[in-house]
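To start, the structure under review is shown below, and the notes come after it.
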2 protein chains.
Amino acid sequence: MTENKKYCCPVAAAIDEIGGKWKPLILWALKDQTLRFSEINRELPAITQRMLTKQLRELERDDLVNRKVYAEVPPKVEYSLTAKGKSVIPILKLLCDWGEEYCKSKICLNVLE
Amino acid sequence: MTENKKYCCPVAAAIDEIGGKWKPLILWALKDQTLRFSEINRELPAITQRMLTKQLRELERDDLVNRKVYAEVPPKVEYSLTAKGKSVIPILKLLCDWGEEYCKSKICLNVLE
DNA sequence: CCGTATCCCATGAGATACTG
DNA sequence: CAGTATCTCATGGGATACGG
């Protein structure tokens, strides 16, 4: 997540950009829609505003999401996937399928987080 | 990584089992070979023994790797992928390809970690 | 509405030394 | 060889309050 790191393996480099607890879920939420800050938060009720802001800034820095600010009051900010961001969706789709098949016992639709 | 957690989304459940800094790299190292503890360590020079042990125990607990102990002196322990472990390799392959294409600037073959 | 600012805790993770 | 045992530090992450 930090800048200017170097990795000997592409897998490690990829994990750094799209890994962690929240980034895959944020990218997943944006996979086929542009969302406002509060809308992402609604899709991920367990994340705090602080973490959502932090993760979105990193995703923006790594060119995975676009951040569009409207000069309005009250403020309006929209997030969407860049081309690079869209390119990770097939990976997340596989991950989702894998999770459904192999982690069934850990999945409960009535539980947050 | 902890036991008995529940997730509302398969992606989150999957991330918990195969995410983090080291697990993808360990699984990747085992993708087409059985390796001893020290051999995995040789492929991942940046990991400490302590972390390698910890991650391998979690992978074993989640049925992603087999651990085979030989009753010899000096000790010999071999690690290999289970069927479940093998099933994540296609995901890591995609991740590797993605990293090569999109994280080129962060990859340096002469650097550890 | 979209964030910051603080404070705080749990976990990840490194370094080093030691052992059956 | 394949780990443990300590100790330490950095980061991730949560809770809450506040602000333009």
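Hydrogens, waters and symmetry mates play no part in the numbers below; they use all other heavy atoms, side chains included. Residue numbering restarts at 1 for every chain, and letters A, B, ... go by the order of the sequence lines.
Neither OP1 nor OP2 of dG13(D) sits under 4.0 Å from any side-chain N or O of Lys23(A). The side chain of Arg57(A) contributes an N or O atom lying less than 4.0 Å from OP1 or OP2 of dT4(C). Between Arg67(A) and dG3(C), a side-chain N or O to OP1/OP2 separation shorter than 4.0 Å is present.
A heavy atom closer than 4.0 Å to some atom of DNA chain C occurs in Pro75(B), these being the qualifying members of residues 69-81 of chain B. Near-neighbour residues of DNA chain D inside residues 31-39 of chain B, defined by a heavy atom below 4.0 Å, number-ordered: Arg36(B), Phe37(B), Ser38(B).
Between Leu52(A) atom CG and dG12(D) atom P there is a gap of 15 Å when expressed in whole angstrom units. Here the P atom of nucleotide dG12(C) and the CD atom of Glu58(B) are 7 Å apart, to the nearest Å. We find that CD1 of Ile47(A) is positioned 13 Å from C1' of dG3(C), with the value rounded to whole Å. If you measure from atom NZ of Lys54(A) to atom P of dA10(D), you get 15 Å, rounded to the nearest angstrom. Taking atom CD of residue Gln55(A) and atom P of nucleotide dG13(D), one finds them 6 Å apart after rounding to whole Å. Between the CG atom of Asn41(B) and the P atom of dA15(C) there is a distance of 12 Å, rounded to whole Å. The NZ atom of Lys68(A) sits 15 Å away from the P atom of dC2(C) (whole-angstrom rounding). Taking atom CG of Leu44(B) as the reference point, atom P of dA13(C) lies 12 Å away to the nearest angstrom.
Residue pairs that meet the ring pair (Phe, Tyr, Trp, His ring centres under 6.0 Å) test with at least one member in residues 81-109 of chain A, sequence neighbours left out, are Trp98(A)-Tyr102(A). Each ring pair (Phe, Tyr, Trp, His ring centres under 6.0 Å) pair with one or both residues in residues 40-90 of chain B, not counting sequence neighbours, would appear here, but there are none. Sorted by first and then second residue, the salt bridge (Lys or Arg N to Asp or Glu O under 4.0 Å) pairs involving residues 42-52 of chain A (not counting sequence neighbours) form an empty list.
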N/O donor to acceptor pairs below 3.5 angstrom from side-chain atoms of residues 27-38 of chain B, sequence neighbours left out:
residue  : atom : partner  : partner atom : Å
Gln33(B) : NE2  : Ala29(B) : O            : 3.1
Arg36(B) : NH2  : Pro75(B) : O            : 3.4

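Atom CD1 of Ile40(B) and atom CG of Leu25(B) lie 12.0 Å apart (nearest 0.5 Å). Interatomic distance, Ile26(A) CD1 to Asn41(A) CG, rounded to the nearest 0.5 Å: 9.5 Å. Atom CZ of Arg57(A) is separated from atom CG of Asp62(A) by 13.5 Å, given to the nearest 0.5 angstrom. Note that CD of Gln49(B) is 8.0 Å distant from CG of Leu52(B), once rounded to the nearest 0.5 Å. Here the CD atom belonging to Glu58(A) is positioned 8.5 Å from the CG atom belonging to Asp16(A), to the nearest 0.5 angstrom.
Counting only heavy atoms from C-beta on, Gln49(A) has its side chain closest to dG3(C) among dA17(C), dG3(C), dG12(C). Comparing dG14(C), dT4(D), dG14(D) by their nearest atom to the side chain of Lys21(B) picks out dG14(C). Side-chain atoms of Met51(B) lie closest to dG14(C) of the nucleotides dT4(D), dG12(D), dG14(C).
Partners of Val69(B) by side chain to side chain contact (heavy atoms under 4.5 Å, CB included), not counting sequence neighbours, listed by chain and number: Arg67(B), Val77(B). The salt bridge (charged side-chain N to carboxylate O under 4.0 Å, His left out) check on Lys93(A) picks up Asp97(A), with sequence neighbours excluded.
Counting atom types as modelled, Arg50(B) pairs no side-chain N or O with a base atom of dG3(D) as donor and acceptor under 3.5 Å.
Recorded end-axis angle for the helix from dC1(C)-dG20(D) to dG20(C)-dC1(D) stands at 50°, based on five pairs per end and rounded to 10 degrees.
One finds a salt bridge joining Lys84(A) and Glu17(A) here, because a Lys/Arg side-chain nitrogen approaches an Asp/Glu carboxylate oxygen to under 4.0 Å.
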